[in-house]
Amino acid sequence: MKTSFTLAAGVALAVSVLALSSPASAQVKDSLTIYNAQHEGLTKEWAQAFTEETGIVVTIRQGGDLEIANQIVQEGANSPADVFLTENSPAMALVDGKGLFAPIDKATLDQVLPGFHPANGNWVGIAARSTVFAYDKTKLTEDKLPKSMLDLAKPEWKGRWTASPSGADFQAIVGALLQLKGEEATAAWLKGMKENATPIRGNSTAMKAVNAGQFEGALIYHYYYFGDVAKTGENTKNVGMHYFKNQDPGAFVSISGGGILASSKHKEQAQAFLKWVTGKGGQKVLRDGTSFEYAVGKGEASNKMLTPIADLQAPKVEPSTLNNAKVTDMMTAAGLL
């Protein structure tokens, strides 16, 4: 167990990061246990700033989107978690579909942009990421880029692109395609992907492969590019970013979500945490930090390096109906998993 301590305004801050297999920590009145599938560094920033401001101690248990979602389903009413945070919304929909979330306060829902929480209000968007086509600038000019993500299934793209189909990130993109275009079109696109794309493990690895000239493009999320640029830029020297826009399935913006477990014994503190994360304090961490994810709070700016979220021209997707079980079945049938 790793524990870091900071003192601010006389308040001791303890943020613990535990493996999912670890037993739950003993809780005190002003405490929260977060099951976290968001990037660990980002959630630690949020937790530390929140604790400094409120004195509420936060314990973080780290894992993957669907790994934690399935654990919550197994734990049911006995889950020690107070809050669940994800990178992508299908894991939120899985837990919500089992009736395991408590409703989010309306004041918190009202803080985020329209479309960045499900219609039932049982969870809320905390950040967002855009689908992009990372391409090799030495091989492709703007006129040769795919006009739509659907074009990548055409014969002329055979052997030219890559993606990480085993990851929750990519499966969320396929989930959006399924909602927007239906089962027949999605199955056809997956068949084309199987024929055309070379699978690779991890979005960063896919982008590096494009930079190294192994592929002409990769379907990933935007923040991998900006994170590298902000560091050394060694894996993005030859990489350009293509935004499909025009409400294309490839312009899908995936929502990172936050939900409060119905079994939580600290609902007041949990509501306060999500209100803070979606408010000025939490969204400032996105604006000024190095996660390069989009802010989703109304009137809150994202990192200045990013294309404004309003300019992405993303399609409208109902996050509560992104069906990961159907997606994995279809991807398995297509030979991608």
So W161 and W189, would you call those rings parallel, tilted or perpendicular, with 30° and 60° as cut-offs? tilted
So side-chain hydrogen bond (donor to acceptor under 3.5 Å, both in side chains) across residues 307-322, not counting sequence neighbours, yields Q179-T321, E318-S320
Side-chain contact test, heavy atoms from C-beta onward, threshold under 4.5 Å: evaluate it for F116 versus T278 and give yes or no. no
Could you check whether any side-chain N or O of N122 sits under 3.5 Å from a backbone N or O of D96, counting only pairs where one atom can act as donor and the other as acceptor? no
Return the set of residues passing salt bridge (charged side-chain N to carboxylate O under 4.0 Å, His left out) with E234 (not counting sequence neighbours), or none when no residue passes. none
For the pair S291 and L286, evaluate side chain to side chain contact (heavy atoms under 4.5 Å, CB included) and give the outcome as yes or no after the intermediate values. CA-CA 7 Å; S291 72; L286 294 174; 3.6 Å; yes
Here the pair of heavy atoms bringing L337 nearest to P165 is CD2-O, 3.5 Å
dist I173:CD1 -> L178:CG (nearest 0.5 Å) comes out at 14.0 Å
Provide the closest heavy-atom pair for M305 versus V229 in the form atom of the first, atom of the second, distance. CE-CG1, 3.9 Å
Which heavy atom in S148 sits nearest to a heavy atom in F244, and how many Å separate them? C-CE2, 3.4 Å
Residues forming a salt bridge (charged side-chain N to carboxylate O under 4.0 Å, His left out) with K154, sequence neighbours excluded: D151
Under the ring-ring contact (aromatic ring centres under 6.0 Å, His included) test against H222, which residue among F252, Y294, F133 passes? Y294
Y224 vs D169 side-chain heavy atoms within contact, under 4.5 Å: yes
The reported gap from CD in Q48 to CD1 in I60 (rounded to nearest 0.5 angstrom) is 7.5 Å
Modelled atom types, side-chain donor and acceptor of Y35 and E75, under 3.5 Å: yes
What heavy-atom pair brings I68 and A37 nearest, and what distance separates the two atoms? CD1-N, 3.8 Å
Find out whether N211 and K237 are in side-chain contact, i.e. whether some heavy atom of one side chain is under 4.5 Å from a heavy atom of the other. yes
Backbone of A262 reached by a side-chain donor or acceptor of K267 within 3.5 Å: yes
State the OG1-CE distance between T186 and M331, to the nearest 0.5 angstrom. 11.0 Å
Please answer whether the main-chain N or O of I56 pairs with a side-chain N or O of T51 as donor and acceptor at a distance below 3.5 Å. yes
I'd like to know if the side chain of T131 and the backbone of Y221 have a donor-acceptor N/O pair within less than 3.5 Å. no
From L85 CG over to D65 CG, what is the distance, rounded to the nearest 0.5 angstrom? 10.5 Å
Would you say Y135 and K144 make side-chain contact, with heavy atoms under 4.5 Å? no
One pair to check against side chain to side chain contact (heavy atoms under 4.5 Å, CB included): L32 and F50. What are the steps and the verdict? CA-CA 11 Å; L32 283 176; F50 174 73; 4.1 Å; yes
Between S263 and S79, which heavy-atom pair has the shortest distance, and what is it? OG-O, 3.5 Å
For A295, is there any backbone N or O sitting under 3.5 Å from a side-chain donor or acceptor partner on E300? no
Donor-acceptor contact present, side-chain N36 to main-chain Q62, <3.5 Å: no
For T86 and N88, which I'm curious about, is there any donor-acceptor pair between the side chains at under 3.5 Å? no
With Q38 as partner, the option from K44, E87, E293 fulfilling side chain to side chain donor-acceptor pair (under 3.5 Å) is E293
Can you tell me how far apart CG (L306) and OH (Y223) are? Round to the nearest 0.5 Å. 12.5 Å
Might you confirm whether atom CD of E184 has over 12 heavy atoms from other residues, nucleotides or ligands at distances under 6.0 Å? no
Using the side chain to side chain contact (heavy atoms under 4.5 Å, CB included) rule, take H242 and L140 through it: C-alpha gap first, then chi angles, then the decisive distance, then the call. CA-CA 11 Å; H242 175 50; L140 292 175; over 6 Å; no
Given L150 and L177, is the side chain to side chain contact (heavy atoms under 4.5 Å, CB included) satisfied, shown in steps? CA-CA 9 Å; L150 301 180; L177 174 61; 3.7 Å; yes
Please examine the side chains of S31 and Q269, heavy atoms only from C-beta on, and report whether any two atoms are closer than 4.5 Å. no
Are the side chain of D228 and the backbone of N235 linked by a donor-acceptor contact shorter than 3.5 Å? yes
How close do K106 and D110 get, counting heavy atoms only, and between which atoms? NZ-OD2, 2.7 Å
Closer than 3.5 angstrom, by distance alone: can the side chain of Q171 be matched with the main-chain N or O of S166 as a donor-acceptor pair? yes
Determine yes or no for a side-chain-to-main-chain donor-acceptor pair under 3.5 angstrom, with K139 supplying the side chain and G213 the backbone. yes
Validation row: K158, N196 side chains within 4.5 angstrom (heavy atoms): yes
Does atom NZ (K280) have a neighbourhood of more than 12 heavy atoms from anything else shown, all under 6.0 Å? no
Could you tell me whether the side chain of Q271 and the main chain of D105 form a donor-acceptor pair under 3.5 Å? yes
Is M193 close to L336 at the side-chain level, that is, under 4.5 Å between some pair of heavy atoms? yes
Determine whether T198 and Q214 make a side-chain contact, defined as any pair of heavy atoms from C-beta on separated by less than 4.5 Å. no
Which value, rounded to the nearest 0.5 Å, describes the distance between N324 atom CG and L94 atom CG? 8.0 Å
